[in-house]
Colleague: 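There's a structure below that I have some questions on.
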Amino acid sequence: MTKQIVFAITLLITLGVFTYTIRRLISYFRFTRAAFPVKDIGKRINVMLSVAFGQKKIFRKPVIGLFHALVFWGFCVILIGSIEMVIDGLTGTDKILQFLGPVYNVIMASGDIFALVVAISIIIFLARRLFFHISRFEGIEMKRISHIDANIALTIILLLMVSLLAMNTGYVEYKTLTGEPVAGVYPVSNILAKWFGGGQADTYRIVFEASWWSHILLIFLFANILPYSKHFHVFLSVPNVFLSRLDPLGKLPNMDNITREVKLMLDPETAFAAAESDAPVERFGVKDAEDASWKNYFDSLACTQCGRCTSVCPANITGKKLSHRKIMMDLRARMKEKGPLMVRNGRDFTDNKSLLRDYISEEELWACTTCNACANECPININHPTLIVDMRRYLVLEEASAPGELKTVFNNIENNGAPWQYSAEDRLDWAKDLEININ
Ligand code: SF4
Ligand code: SF4
């Protein structure tokens, strides 16, 4: 009973802290703008199955992709065992799901094997980060704290797998020594039990109990660290893929407020009414975090900081300042900074800073070719260029700020109805001396 009470209190504290953090992050969504409607559910489920659960994009790098996919699938299987531990902890039962019989054996055996596979994969990931200095993990946005964050999360996952194997090994050996039936099948832990066997039954009982507590406490700790870490994608990558933009990558969304303005102006009656209205003028494009759409913000929370987008970006590869991973990290950081201030003082609050310029420079934004290589590569279907284009739209529409070459194009379009420096009447001058009938 004491164990149940202690467990229930620990679980309550964990859920309390987790709920507080998540509520805070969710509260910032109300400041963001609308994005596309979430429809085509069948299509979304297909995308989720292939990109998130099938890890389709991850396999573009076959070797390291396989390890990542194994970790993901391992998490899915081990999650079932973790749920069982929570029920056991609350009710005082011992392996409550064993009534599933053969299915239970398969789940436990898979979890036991995956624990070893995930542990090996995590050691490889840590070695890559610590000793091999993979260029994808570097960049101006990857501060020391970003690396520490990744290494802490990986270390916790490694400890989770070690404690799971120790728990299973202690359980198998304790049950074997006391002659009690073993619930489930544990191929890896059976081997470990043979290696480390030979002690007293009570010793293995202590190993089991200690590992049980270590494992569950690490899960609780991990769950509360994740929202502050790049590893938040453990929770958010699947929903983010489900909420992917389904339009073709190259299609840029229209600006609803511009469309509305144009329609108003085309109708003289509504044009006058709109001109006299006191309604606040909407912002065109994105200047600060609250101008971004809810999807942009969700993307920034889900971003794994893997750098795949930046590694294929032609602008970045040719030495420009643009890194899309940085843009995602900047949006997340800016919302983290301004979100609490807007909660206290309202959406119109200004701290005289903005995402544009204080975080992301104009130089970065204009370096983007909108080629969409980044969006094509992102393993969780983040559509990067939409945010970049919306920030450029703000610069052009509200500040008339654009590189000189573009200003010439804009002037030509305004004056000549075409991007060139000729009036419409002169457009066919080039064909004057040609002996062809142009009528
Ligand atoms: S935006 Fe996508 S590809 Fe880029 S770092 Fe984030 S998760 Fe990786
Ligand atoms: S769309 Fe822009 S950010 Fe993305 S890869 Fe192309 S140039 Fe880079």
Side-chain angles (χ1 to χ4, degrees), residues 47-48 51-52 55-61 64-65 68-69 71-72 125 128-129 134-143 146-147 149-150 153 226 229-245 247-253 286 292-293 295-333 335 359-393 395 403:
V47 173
M48 189 177 72
V51 175
Q55 299 275 286
K56 187 172 126 189
K57 290 186 169 181
I58 287 284
F59 276 111
R60 288 184 185 155
K61 295 190 187 298
I64 204 66
H68 188 280
V71 170
F72 175 79
F125 293 165
R128 272 161 56 87
R129 285 188 169 273
I134 308 293
S135 59
R136 187 157 56 83
F137 299 145
E138 306 297 332
I140 48 162
E141 68 276 23
M142 297 306 284
K143 308 271 180 322
S146 312
H147 295 293
D149 166 37
L226 285 186
S229 148
K230 89 181 198 81
H231 279 80
F232 202 18
H233 75 268
V234 171
F235 291 144
L236 295 189
S237 58
V238 175
N240 197 59
V241 173
F242 178 79
L243 296 168
S244 303
R245 204 180 78 125
D247 286 337
L249 287 183
K251 184 179 173 194
L252 286 175
V286 173
S293 73
K295 185 60 175 70
N296 295 142
Y297 177 47
F298 201 100
D299 284 343
S300 76
L301 293 175
C303 174
T304 71
Q305 297 174 18
C306 65
R308 282 177 169 81
C309 52
T310 301
S311 72
V312 295
C313 172
N316 187 276
I317 292 168
T318 50
K320 313 278 190 311
K321 273 182 82 181
L322 176 63
S323 159
H324 206 282
R325 171 175 52 195
K326 173 178 176 295
I327 291 190
M328 281 295 111
M329 292 168 73
D330 286 342
L331 175 57
R332 181 172 175 168
M335 189 58 105
Y359 285 80
I360 302 170
S361 66
E362 290 182 55
E363 186 185 343
E364 288 167 75
L365 296 175
W366 291 112
C368 176
T369 65
T370 61
C371 66
N372 275 289
C374 50
N376 187 48
E377 199 64 25
C378 178
I380 56 169
N381 277 3
I382 289 175
N383 190 293
H384 318 69
T386 50
L387 179 61
I388 293 177
V389 168
D390 277 340
M391 294 187 78
R392 298 207 297 216
R393 282 169 164 172
L395 283 169

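Since the model is a prediction, treat every value here as computed from it, not as a measurement. Whatever order the structure lists ligands and atoms in, that order sets their numbers, starting from 1.
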Colleague: Could you tell me the residue and atom name of the protein heavy atom closest to atom 6 (Fe) of ligand 1, and the distance to it rounded to 0.1 Å?
Modeller: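 Going atom by atom, the protein heavy atom closest to atom 6 (Fe) of ligand 1 ends up being Cys303 SG, 2.3 Å.
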
Colleague: Ignoring waters, how many protein N/O/S atoms are under 2.8 Å from atom 2 (Fe) of ligand 2?
Modeller: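 Under the 2.8 Å cut-off, the count stands at 1.
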
Colleague: Measure from the side-chain N and O atoms of Arg128 to the backbone N and O of Ile134, and report whether any donor-acceptor pair falls under 3.5 Å.
Modeller: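 Answer holds: no.
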
Colleague: Of all the atoms in ligand 1, which lie at a distance below 4.0 Å from a heavy atom belonging to Thr304?
Modeller: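 Heavy-atom distances to Thr304 below 4.0 Å select 6 (Fe), 7 (S), 8 (Fe).
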
Colleague: Could Arg325 and Glu141 be called an ion pair, given the rule that one side-chain N must be under 4.0 Å from one carboxylate O?
Modeller: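 Yes, Arg325 and Glu141 are salt-bridged.
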
Colleague: Can you pull out the closest protein heavy atom to atom 8 (Fe) of ligand 1? Residue, atom name and distance to 0.1 Å, please.
Modeller: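 Heavy-atom neighbour on the protein nearest atom 8 (Fe) of ligand 1: Cys306 SG, 2.3 Å.
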
Colleague: Which heavy-atom pair separates Cys368 from Ile388 by the least distance, and what is that distance?
Modeller: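 That closest heavy-atom pairing would be CB-CG2, 3.8 Å.
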
Colleague: May I ask you to list the atoms of ligand 1 that are less than 4.0 angstrom from any heavy atom of Gly307?
Modeller: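 What qualifies from ligand 1 is 5 (S), 8 (Fe).
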
Colleague: Between ligand 1 and Pro379, can you find any atom pair, the residue atom being a heavy atom, that is separated by under 4.0 Å?
Modeller: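 It does, in that a heavy atom of Pro379 comes within the 4.0 Å cut-off of ligand 1.
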
Colleague: With atoms numbered from 1 as shown, which atoms in ligand 1 lie under 4.0 angstrom from a non-hydrogen atom of Gln305?
Modeller: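 The atoms of ligand 1 under 4.0 Å from a heavy atom of Gln305 are 5 (S), 6 (Fe).
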
Colleague: Which atoms form the tightest heavy-atom contact between Phe125 and Ile64, and what is the distance?
Modeller: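 Where Phe125 meets Ile64 most closely, the heavy atoms are CE2-CD1, 3.8 Å.
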
Colleague: How many angstroms lie between atom OG of Ser311 and atom NZ of Lys61, to the nearest 0.5 angstrom?
Modeller: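 Atom-to-atom, Ser311:OG and Lys61:NZ are 5.0 Å apart.
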
Colleague: In the protein, which heavy atom is nearest to atom 4 (Fe) of ligand 1, and how far is it?
Modeller: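 Among all protein heavy atoms, the one nearest atom 4 (Fe) of ligand 1 is Cys309 SG, 2.3 Å.
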
Colleague: Show which atoms of ligand 1 fall inside a sub-4.0 Å distance from at least one heavy-atom site of Ile382.
Modeller: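 Counting atoms of ligand 1 from 1, those under 4.0 Å from Ile382 are 1 (S).
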
Colleague: Can you give me the closest heavy-atom contact between Ser300 and Arg332, atom names plus distance?
Modeller: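 Nearest pair, atom of Ser300 first, then Arg332: O-CD, 3.4 Å.
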
Colleague: State, yes or no, whether a side-chain contact exists between Ile140 and Ser323 at a heavy-atom distance under 4.5 Å.
Modeller: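 When only atoms from C-beta onward are counted, Ser323 and Ile140 do not touch, as no gap falls below 4.5 Å.
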
Colleague: Give, for atom CG of Asn372 and atom CG of Asn376, the distance between the pair rounded to the nearest 0.5 Å.
Modeller: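 Here the rounded value is 8.0 Å.
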
Colleague: Examine Cys378 and say whether one of its N/O/S atoms is closer to atom 6 (Fe) of ligand 1 than 2.8 Å.
Modeller: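 Under 2.8 Å: Cys378 has no N, O or S contact with atom 6 (Fe) of ligand 1.
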
Colleague: Measure the shortest side-chain to side-chain distance between Glu138 and His147 over non-hydrogen atoms and say whether it is less than 4.5 angstrom.
Modeller: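 The answer is yes, as the side chains (C-beta and beyond) meet within the 4.5 Å cut-off.
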
Colleague: Classify the ring geometry between His233 and His231 as parallel (under 30°), tilted (30 to 60°) or perpendicular (over 60°).
Modeller: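 Tilted, since the angle between the ring planes falls between 30° and 60°.
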
